[in-house]
Amino acid sequence: MNSVPNANSFSILFVCLGNICRSPAGEGLLQHSIDALEPQNRIEIDSAGTIGFHTGKPADHRMRSAALNRGVQLLSRSRKITIEDLHSFDLVIAMDRENLADIQRMTPEPTAELKLLSDFLGDDWPSDVPDPYYGGDDGFEYVLDMIEAACPSIINSISA
Ligand code: 4NP
């Protein structure tokens, strides 16, 4: 999704720091799950970063290749989150508590519901999706494991 979401559909924005690793994976994996479950879906999914440093870039090649190994192609281009996003999306899912705090500082009264990805997971998972950018391949796999585990609960929360 590359524009303002349609007001007639439910819209979800994943947010991380750079919008090249964790949030593109959230966007791609949730879209993949929804396409499989509900082909005529009315759910719009996008992602953004709290910094604009990587604006216009595709997702990190390590994340693209890890996602592709699980059958998911990541096609997003990095963009920085805007205040308008917090008034046009229904649900914003931050990857870690720092991302969430940065989003909360942007506007005092967002109309979007603000959540952490870990709000959709059990207590055996950590509160933050660890930033894989400076680490090895395991970090990318762990991010995908966390997002895959959260997807059913995100989908349930939309249909509830
Ligand atoms: P992301 O990972 O927030 O999951 O996209 C990062 C990407 C880039 C940087 C940090 C984290 N960076 O410092 O450039």
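Order of appearance sets the numbers: ligands from 1, and atoms from 1 within every ligand.
Ligand 1 lies within reach of His54, whose nearest heavy atom is under 4.0 Å from it.
Summary of contacts: the protein heavy atom closest to atom 11 (C) of ligand 1 is Asp131 OD2, 3.0 Å. Given atom 1 (P) of ligand 1, the protein heavy atom at minimum distance is Cys16 SG, 3.5 Å. In this structure, the protein non-hydrogen atom closest to atom 9 (C) of ligand 1 is Tyr133 CD2, 3.6 Å.
At a 4.0 Å heavy-atom cut-off, ligand 1 touches Asn19 through the backbone alone. Contacts between Phe14 and ligand 1, counted as non-hydrogen atom pairs separated by less than 4.0 Å, are absent for every part of the residue.
Within the model, atoms CD1 of Ile45 and CG of Asp35 stand 7.5 Å from one another, a figure rounded to the nearest 0.5 Å.
Distances between N or O atoms of Phe53 and those of ligand 1 include no value under 3.5 Å. Taking distance alone, with nitrogen or oxygen atoms compared against 3.5 Å, Gly18 approaches ligand 1 more closely than that limit. Ligand 1 has an N or O atom lying under 3.5 Å from an N or O atom of Arg22, backbone or side chain.
Within 6.0 Å of CD in Glu98 there are 12 or fewer heavy atoms belonging to other residues, nucleotides or ligands.
Against a heavy-atom cut-off of under 4.0 Å, Ile20 is close to the following atoms of ligand 1: 5 (O), 7 (C), 8 (C). Near Leu17, the atoms of ligand 1 lying under 4.0 angstrom from a non-hydrogen atom of the residue are 3 (O), 10 (C), 11 (C). Of all the atoms in ligand 1, the ones that sit under 4.0 Å from a non-hydrogen atom of Cys21 are 1 (P), 2 (O), 4 (O), 5 (O).
In this model, a donor atom of one side chain and an acceptor atom of the other lie less than 3.5 Å apart for Asn99 and Asp96.
Salt bridge Asp85/Lys80: absent, no basic N to carboxylate O contact under 4.0 Å.
Residues Phe140 and Leu17 fall into different hydrophobic clusters, defined by Ile, Leu, Val, Met, Phe, Trp and Tyr side chains chained together at heavy-atom separations under 4.5 Å.
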